[in-house]
Amino acid sequence: MLTGTRRHLKLMLIVGTACLLPATLCGAAGLANPPASAGTPSASSKVDLTDHALRLMQEGNQRFTEGKSVHPNTDVFRIGDTGEHGQHPFAAIVTCADSRLPVERLFDRGVGDLFVVRVAGNIGSANQAGSIEYACEHLGTQLVVVMGHTKCGAVKAAVAGADAGKNIGSLLQHIVPAVQTTRAKHPELTGEALVDAVVRENVWETIEDMLKSSSILREKIVAGDVRMVGAVYDVENGRVEWIGMHPAQAGLLRTRTEETTTVASAEKPAMPMPEIKPTEKPAPSKPTNAPAKPTAAKPVAPVSKPSGDHNDAPAHAATPH
């Protein structure tokens, strides 16, 4: 009996000690829990947590595909904490609205961990860019992920050139450049192989669209406050392939910065013209002292030289036209 009690106490001591260890020393379960929302660095923080954020997502996806999800930050305490102290997601994701992408589940994350923006075809229009700006500028998010997925219906429709009506057609127009680029690079591809290649190219296109339209994201990336990477989710096995930063990111950031500077200089307002004093009148509207030219219809008598009293002049001659 005494031996059993000692073993029980020893086990409790081990468990208690493990709970006090830093997250980085606790393996996958520890890494599954980033700092609580109240302790997460704010947007003004200079601490670079992008590597840690990326590792959390990679390890979470691995647990998901192995059937070992731990479902962190999904209890009532987490709900109450984020409700009281606000949200501080460690990653923002632009991905497709496809129902086969349960984002928090496939990364094994919980409440307040991920800021997810979903739209068919994971396009990067103004609404998506604005949402990501909010996450990075106001919530302190440092990692942005643009994630496409295999067998994407929106990409298939864009490849086929389908007539999808006004609204869906407008959405597909954002994917058309990726289709054109892929066909130019790989004219030999057809069918599913072409769709898969366009899915990847569309990730780059979305990143490019967002960088072009958002000076906020460009500035934060240049400053090292935000990292933007691409990924592709496989709907058949649940794995996320990380494809890294846009291959032309440096050029995009440099070009857009130069263009912004040029436009700002071109739109700089000109120096204001000197203000005309109320007593001065523009030359065209200055009254003339010359007599009005007689007309055949109505001769006009010569007007005598003004004596300084305007009451002697005709009413129509005293008012500039």
Side-chain angles (χ1 to χ4, degrees), residues 57 91-101 103 106 116-133 135 143-215 217-218 221 226-237 239-256 259:
M57 299 180 74
I93 305 170
V94 177
T95 192
C96 188
D98 194 299
S99 62
R100 294 169 291 181
L101 275 70
V103 182
L106 67 89
V116 183
V117 180
R118 302 186 64 166
V119 58
N122 47 270
I123 63 174
S125 65
N127 291 336
Q128 287 73 51
S131 298
I132 297 302
E133 286 178 356
L143 179 66
V144 177
V145 180
V146 175
M147 186 173 71
H149 70 95
T150 59
K151 300 186 176 182
C152 180
V155 170
K156 287 183 178 179
V159 169
D163 182 7
K166 178 181 177 181
N167 294 326
I168 297 180
S170 176
L171 185 149
L172 296 182
Q173 286 302 309
H174 290 273
I175 306 176
V176 169
V179 177
Q180 296 171 338
T181 300
T182 303
R183 281 180 167 153
K185 289 181 178 178
H186 306 284
E188 76 282 0
L189 295 179
T190 58
E192 288 297 326
L194 175 59
V195 171
D196 289 342
V198 174
V199 163
R200 299 170 72 90
E201 188 64 39
N202 188 47
V203 170
W204 301 137
E205 183 64 32
T206 296
I207 293 177
E208 184 172 339
D209 288 345
M210 289 175 40
L211 290 180
K212 285 181 176 179
S213 66
S214 174
S215 60
L217 293 178
R218 293 197 305 272
I221 292 174
V226 169
R227 184 191 304 181
M228 184 178 290
V229 299
V232 176
Y233 177 74
D234 193 323
V235 298
E236 293 186 329
N237 56 34
R239 294 190 181 93
V240 174
E241 177 189 359
W242 300 91
I243 58 179
M245 295 186 297
H246 193 293
Q249 176 175 288
L252 287 171
L253 295 176
R254 182 172 58 252
T255 301
R256 296 306 298 179
E259 289 179 1

- Quick one: pull up CZ in R239 and OH in Y233 and give me the separation to the nearest 0.5 Å. 10.5 Å

- Message: Within the 4.5 Å heavy-atom criterion, are L143 and V229 side-chain neighbours or not?
- Response: yes

- For the student: nearest non-hydrogen atoms of A231 and I243, plus distance: N-CG1, 3.8 Å

- side chain to side chain contact (heavy atoms under 4.5 Å, CB included) between V198 and K156: does it pass, once the steps are laid out? CA-CA 9 Å; V198 174; K156 287 183 178 179; over 6 Å; no

- Which atom pair, heavy atoms only, marks the closest approach of A157 to L172? CB-CD1, 3.8 Å

- Heavy-atom side-chain proximity of E133 to L217 below 4.5 angstrom: yes

- Message: Using side-chain heavy atoms (C-beta onward) and a distance below 4.5 Å, is L101 in contact with V235?
- Response: yes

- Are E205 and H246 close enough that some pair of their side-chain heavy atoms sits under 4.5 Å apart? no

- Run the numbers on M57 and V240 for side chain to side chain contact (heavy atoms under 4.5 Å, CB included), then give the verdict. CA-CA 9 Å; M57 299 180 74; V240 174; over 6 Å; no

- Mind checking salt bridge (charged side-chain N to carboxylate O under 4.0 Å, His left out) for E236 and listing every partner two or more places apart, or none if nothing turns up? K151

- Item | Atom pair CD (E208) and CG (L211), whose distance is rounded to the nearest 0.5 Å | 8.0 Å

- Under the side-chain contact (heavy atoms from CB on, under 4.5 Å) test, which residues partner K185, sequence neighbours left out? T181, E201

- Task: Grab the two heavy atoms, one from V103 and one from R118, that are nearest each other, plus how far apart they are.
- Result: CG2-NH1, 4.2 Å

- Could you tell me the separation between the OG1 atom of T95 and the CG atom of L106, rounded to the nearest 0.5 Å? 8.0 Å

- Query: CD1/I93 to CG/N122 distance, rounded to the nearest 0.5 angstrom?
  - Reply: 12.0 Å

- Message: Restricting to non-hydrogen atoms, name the atom on C152 and the atom on G121 that form the minimum distance, rounded to 0.1 Å.
- Response: SG-CA, 4.2 Å

- Query: Of the non-hydrogen atoms in A92 and I132, which two are nearest, and what is the gap between them?
  - Reply: CB-CD1, 3.8 Å

- Message: Check this for me: D163, atom CG, are more than 12 non-hydrogen atoms of other residues, nucleotides or ligands nearer than 6.0 Å?
- Response: no

- Message: How long is the straight-line distance from OG of S131 back to CE of M210, given to the nearest 0.5 Å?
- Response: 9.0 Å

- Message: For S125 and Q128, which I'm curious about, is there any donor-acceptor pair between the side chains at under 3.5 Å?
- Response: yes

- Start with the C-alpha distance between D234 and E241, add both sets of side-chain angles, then the distance that settles side chain to side chain contact (heavy atoms under 4.5 Å, CB included), and finish with yes or no. CA-CA 8 Å; D234 193 323; E241 177 189 359; over 6 Å; no

- Message: Working to the nearest 0.5 angstrom, can you tell me the gap between I123 CD1 and L171 CG?
- Response: 4.0 Å

